[in-house]
Asks: 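Got a structure here, written out as C-alpha cells. Questions coming.
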Amino acid sequence: MAEPKIPAHQRYGLVAIALHWVLAVAIVSAFVVGLTLDDMPLSPAKLKLINWHKWAGVTILALSVVRLLWRLTHRPPALPEPIARSMPGWQMAAFHGTHHLMYLLFFAVPLLGWAYSSAKGFPIVWFGVLPLPDLVAKNEALAQALKPAHALAAWGLLGLVGMHVAAALKHHVIDKDGLLERMRPGGR
Amino acid sequence: MNRLSLLARPALLSPRAWALTAASALLISVCHEAAAATATPAKAATPAPAVAASVATPAVAPITLVAAQSTVGFTAKQLGVPLQGQFKRFAVQTNFNPKSPQTSQVSLRFELASASVSAEADPELGKPDWFATAKFPQATFVSTAIKATAPGRFEVAGKLSIKGVARDVVVPVQLTQAGGLSTITGTLGLKRLDFKVGDGDWTDTSIVANEVQVNVKLVLQGMQPM
C-alpha cells in the first residue's frame, strides 16, 4: 500500500463523503430496480418494486438538495497541485463538465420520474406514509412523453457515473496519485 | 307495489331494448317476493308479455337514471397510494319513494368488465384473481329493507353479490332533490377479500389494502318529492 499523497486538509469533509457514498449506492440501486421493472409483468412484487423505486427516487432528490446546499456552503478541497498541473485542458474541462451535468441530473432524473408518476395518476406516498403533491395533473399523453425522458436522463446519469468511476480508477490504477483518498470513507 | 325499471346503458334505453329491460326487471323481481312485485315499463306499449301481463297498476312515470351524471367509483390503496376506479356500466331499478321508504326497493347491477383503474391494471381486472368476468360478468345489489334515519337520509340494507359471494350490507345514503332531479349518494366500505377480489398472490394486503370504498352517486328523474 503506497503512502497516501493527499494531506488530510485536502480531503472532502465527512458530510460530503457520507453524502457521496450514500447517494452513489442509492442511485445505482434505483437505476437497477428501474431497469428491472421495465420488463416485469404486473404482480404484487412489481408493485412493491415500483414503490421502492419511487421512494428511493424521492430520497435521492431530497439528499441531492442537501448535498447541493452543502456543496455551495462548503468549498471542496482544491485538486492537489501536482495533479492539477499534470491534467491537460480537456481533462480539466471533462472533470468540471461531468460534475455539473451529474448535479443537474441528480435533480432532473427524480423530478422527471415524479412527474411521470403524477401524469399517470399515481400520487407518490413516501415510504407509504407521507403523501407528496402531484407535480402535474393526470395526463396520459404527457405520461407517455415523460417516461422516455426519465429513462433517457437516467441513462445519461449512468453514463456520467461510468465516466466518473473510470476517471477515478485511472487516477488510482494508472497515475497512482492517491486522488481517491480525498473521497475514501472512514477518514484518517 | 310498482316496480319501475331503468337501465344506465344507453344502448338499452332504446325502445327496441325494452324486452331486455323488462326481462331483467322480472329477473330481479324474482329475487324478492315475486308475488308482490309488478313491473311498469315506460308505456303500455311494452313488448314484454311475461311482465306486461302482471301490470295491474295505472301507468306511473318511471324513475329513470341520468346516466351521464351518475357514477359508481371505488377507491383502494396500494402501498398507501390511493387508486381510483370506476364502473362505467351499471343498471339501476327502483321505485324509491322518499315518503314511503319501507315499501321502496332498489336494485343495482354492475358490469364487472366495465371496471377501470388504469391502463396497466385494466387488463388484469377481468382475470380470475380479480373479477373473473368470464365466470361472473355482473355484481348485484338488491335491497331488502330501506328506512329513513333523518330528513333526506336513509339506510338501505341489502344483499351485495360479487364473484359468487353474497353478503348483507347496510349503506347509509343521502337524498337531495333539485330541478326535478333526485340525487342519491352513498358510500360503502368493503373488504375485497370477503369477495375473493384480488386472490392468489394478490391476497397480500400489505400491497393492495383489503379495505375498498365504494362511492355511488345516482342521479334520478321521476322520483316522488321528499
Side-chain angles (χ1 to χ4, degrees), chain A residues 29-30 33-59 61-62 110 113-148 150-151, chain B residues 71-88 112-134 163 189-215 217:
Chain A
S29 309
V33 170
L35 208 58
T36 311
L37 281 173
D38 224 18
D39 28 53
M40 271 176 89
L42 189 61
S43 67
K46 180 174 185 172
L47 289 187
K48 207 184 265 182
L49 282 183
I50 288 176
N51 282 277
W52 287 355
H53 180 75
K54 291 179 185 179
W55 301 343
V58 172
T59 308
L61 181 63
W114 184 348
Y116 170 53
S117 185
S118 302
K120 272 303 235 183
F122 297 117
I124 296 177
V125 181
W126 203 14
F127 296 107
V129 177
L130 182 68
L132 302 178
D134 288 334
L135 291 189
V136 296
K138 185 174 177 177
N139 179 339
E140 186 60 30
L142 181 61
Q144 289 315 317
L146 284 168
K147 189 182 184 183
H150 173 61
Chain B
T71 52
V72 175
F74 54 91
T75 307
K77 277 196 170 180
Q78 175 242 111
L79 285 112
V81 179
L83 295 178
Q84 312 281 348
Q86 55 172 326
F87 289 103
K88 290 176 178 161
L112 292 180
S114 77
S116 174
V117 175
S118 71
E120 289 72 25
D122 288 358
E124 297 293 313
L125 288 179
K127 292 185 178 174
D129 277 351
W130 291 97
F131 286 132
T133 48
K163 229 181 156 181
L190 296 177
K191 295 208 185 318
R192 64 181 179 87
L193 293 179
D194 286 353
F195 299 92
K196 299 193 180 69
V197 173
D199 216 350
D201 289 348
W202 294 101
T203 51
D204 183 352
T205 52
S206 73
I207 306 289
V208 179
N210 199 5
E211 290 73 25
V212 178
Q213 285 260 319
V214 181
N215 307 295
K217 179 189 172 199

Asks: Is it the case that A:Ser117 and A:Lys54 place a side-chain donor and acceptor less than 3.5 Å from each other?
Replies: yes
Asks: Can you tell which part of B:Glu120 gets under 4.5 Å to a heavy atom of chain A, answering side chain, backbone, both or neither?
Replies: both
Asks: Quick check on A:Trp52 against chain B: is it the side chain, the backbone, both or neither that has a heavy atom closer than 4.5 Å?
Replies: neither
Asks: Is it true that, when you exclude B:Lys196 itself, more than 12 heavy atoms of the residues, nucleotides or ligands shown sit nearer than 6.0 Å to its NZ?
Replies: no
Asks: Taking every non-hydrogen pair under 4.5 Å, which of A:Gly128, A:Ala45, A:Ser43 racks up the most with chain B?
Replies: A:Ser43
Asks: Donor-acceptor check, side chain of B:Asp129 to backbone of B:Gly198, threshold 3.5 angstrom: yes or no?
Replies: no
Asks: Looking at A:Pro44, A:Pro131, A:Gly121, which has the largest count of heavy-atom pairs under 4.5 Å with chain B?
Replies: A:Pro44
Asks: Does A:Lys48, at its NZ atom, have more than 12 non-hydrogen atoms belonging to other residues, nucleotides or ligands within less than 6.0 Å?
Replies: no
Asks: Side-chain donor-acceptor pair under 3.5 Å between B:Gln84 and B:Thr75, yes or no?
Replies: yes
Asks: For chain A, which candidate among B:Val81, B:Val208, B:Asp201 shows the most heavy-atom pairs at distances under 4.5 Å?
Replies: B:Val81
